[in-house]
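Reviewing the structure listed below.
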Amino acid sequence: EPEVTQTPSHQVTQMGQEVILRCVPISNHLYFYWYRQILGQKVEFLVSFYNNEISEKSEIFDDQFSVERPDGSNFTLKIRSTKLEDSAMYFCASSETGDYTDTQYFGPGTRLTVL
Amino acid sequence: RKEVEQDPGPFNVPEGATVAFNCTYSNSASQSFFWYRQDCRKEPKLLMSVYSSGNEDGRFTAQLNRASQYISLLIRDSKLSDSATYLCGSSASKIIFGSGTRLSIRP
């Protein structure tokens with residue numbers, strides 16, 4: 001069964017450093033998403049991406065965040081200058097059509113720890 | 001008011017019991033609803049989608065009540081492996097999740 005993959009599984013960084021989290025969505029999917037989950041809290045939407053553009057973003061997704069599809073398979077989330085409060089699990093998801101009935105499949109996540 | 005609200009639990013029930021969770025949503029524009037299962041420190045995995053009044057898949061039944069803006073999940077004949085956190089989500093495009101309901105099945 002096709003699945004979303006993410007690398008690395010765990011990233012430790014110093015406050016103020018830049019990090020790039022990588023995702024490979026399911027190959028025939030066209031819509032991509034990033035969510036985050038701070039430990040003990042709910043899964044929160046960050047951003048959705050389609051046709052090389054951001055479709056929607058949340059208030060969390062400020063100027064420190066950016067997304068990119070650098071090639072035909074990868075989808076990345078960059079945090080320019082990490083803060084302690086960016087420590088969380090970051091999940092990538094993809095869906096085939098982006099329709100509201102369409103299932104979003106989640107990757108295993110990257111645990112980001114900011115020291 | 002939170003967009004999606006769930007009882008956080010934990011629900012602790014014996015194996016074989018029937019357990020039900022409720023979830024309320026505030027955005028009347030939401031078109032579809034989901035129940036995801038999340039194991040500790042793992043990704044959410046889709047359990048069921050609900051678009052019309054309800055959906056059934058084996059031991060799991062999801063119901064949607066648009067008038068009252070709530071979704072329910074019923075698990076019959078619960079197994080030890082059902083122990084997890086159950087996330088309710090509503091979607092008009094992105095998924096808005098509730099905080100999750102923890103379920104623990106005891107032998």
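So you know, we letter chains A, B, ... as the sequences are listed, proteins then strands, and number each from 1. Not measured: the values here are computed from a predicted model.
Residue B:Tyr36 touches chain A through its side chain alone, counting heavy-atom pairs closer than 4.5 Å. Proximity to chain B is absent for every atom of A:Ser48, based on heavy atoms less than 4.5 angstrom apart. Heavy atoms closer than 4.5 Å to chain B are found in the side chain of A:Tyr35, but not in its backbone. Contact annotation for A:Gln37: only side-chain heavy atoms (C-beta onward) come within less than 4.5 Å of a heavy atom of chain B. Contacts of A:Glu56 with chain B are made by side-chain atoms alone, with heavy-atom separations under 4.5 Å and no backbone atom involved. Of the atoms belonging to A:Asp99, not a single heavy atom falls under 4.5 Å from chain B.
Residues B:Leu46 and A:Phe32 do not share a hydrophobic cluster, defined by chaining ILVMFWY side chains whose heavy atoms lie under 4.5 Å apart. Residues B:Ile71 and B:Phe34 do not share a hydrophobic cluster, defined by chaining ILVMFWY side chains whose heavy atoms lie under 4.5 Å apart. Under the 4.5 Å side-chain heavy-atom criterion for Ile, Leu, Val, Met, Phe, Trp and Tyr, B:Val50 and B:Val19 are members of the same hydrophobic cluster. A:Val67 and A:Phe45 sit in two unconnected hydrophobic clusters of ILVMFWY residues. Membership requires side-chain heavy atoms under 4.5 Å apart, directly or through other members.
The number of heavy-atom neighbours closer than 6.0 Å to CG of A:Asp71, taken from other residues, nucleotides and ligands shown, is above 12. Counting non-hydrogen atoms of other residues, nucleotides and ligands closer than 6.0 Å to CD of A:Glu53 gives a total of 12 or fewer. No more than 12 heavy atoms of other residues, nucleotides or ligands lie within 6.0 Å of OH in A:Tyr105, so this atom counts as exposed by the packing criterion. The number of heavy-atom neighbours closer than 6.0 Å to NZ of B:Lys45, taken from other residues, nucleotides and ligands shown, is 12 or below.
Between A:Leu39 and B:Arg41, the closest side-chain pair of non-hydrogen atoms falls below 4.5 Å. Looking only at side-chain heavy atoms (C-beta outward), B:Ser49 and A:Thr103 come within less than 4.5 Å of each other.
Scanning all heavy atoms of the two residues, the minimum distance from B:Pro44 to A:Val43 falls at CG-CG2, 4.3 Å. Residues B:Gln38 and A:Phe91 share a closest heavy-atom pair of NE2-CZ, 3.8 Å.
A:Tyr33 contributes no side-chain N or O that, together with a main-chain N or O of B:Ile95, makes up a donor-acceptor pair within less than 3.5 Å.
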Show every donor-acceptor pair shorter than 3.5 Å between a side-chain atom in residues 106-115 of chain A and any protein atom, with sequence neighbours excluded, or say none if there are none.
residue  : atom : partner : partner atom : Å
A:Thr110 : OG1  : A:Pro8  : O            : 2.5
A:Thr113 : OG1  : A:His10 : NE2          : 3.0

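Heavy-atom proximity under 4.5 angstrom to chain A picks out B:Leu87, B:Ser91 from residues 77-91 of chain B. Heavy-atom neighbours of chain A within the stretch residues 7-17 of chain B, taken at a separation under 4.5 angstrom, are nonexistent. For residues 98-107 of chain B, a heavy-atom distance under 4.5 Å to chain A picks out B:Gly98, B:Ser99, given by residue number.
With values rounded to the nearest 0.5 angstrom, B:Lys94 atom NZ is found 11.0 Å from A:Gln104 atom CD.
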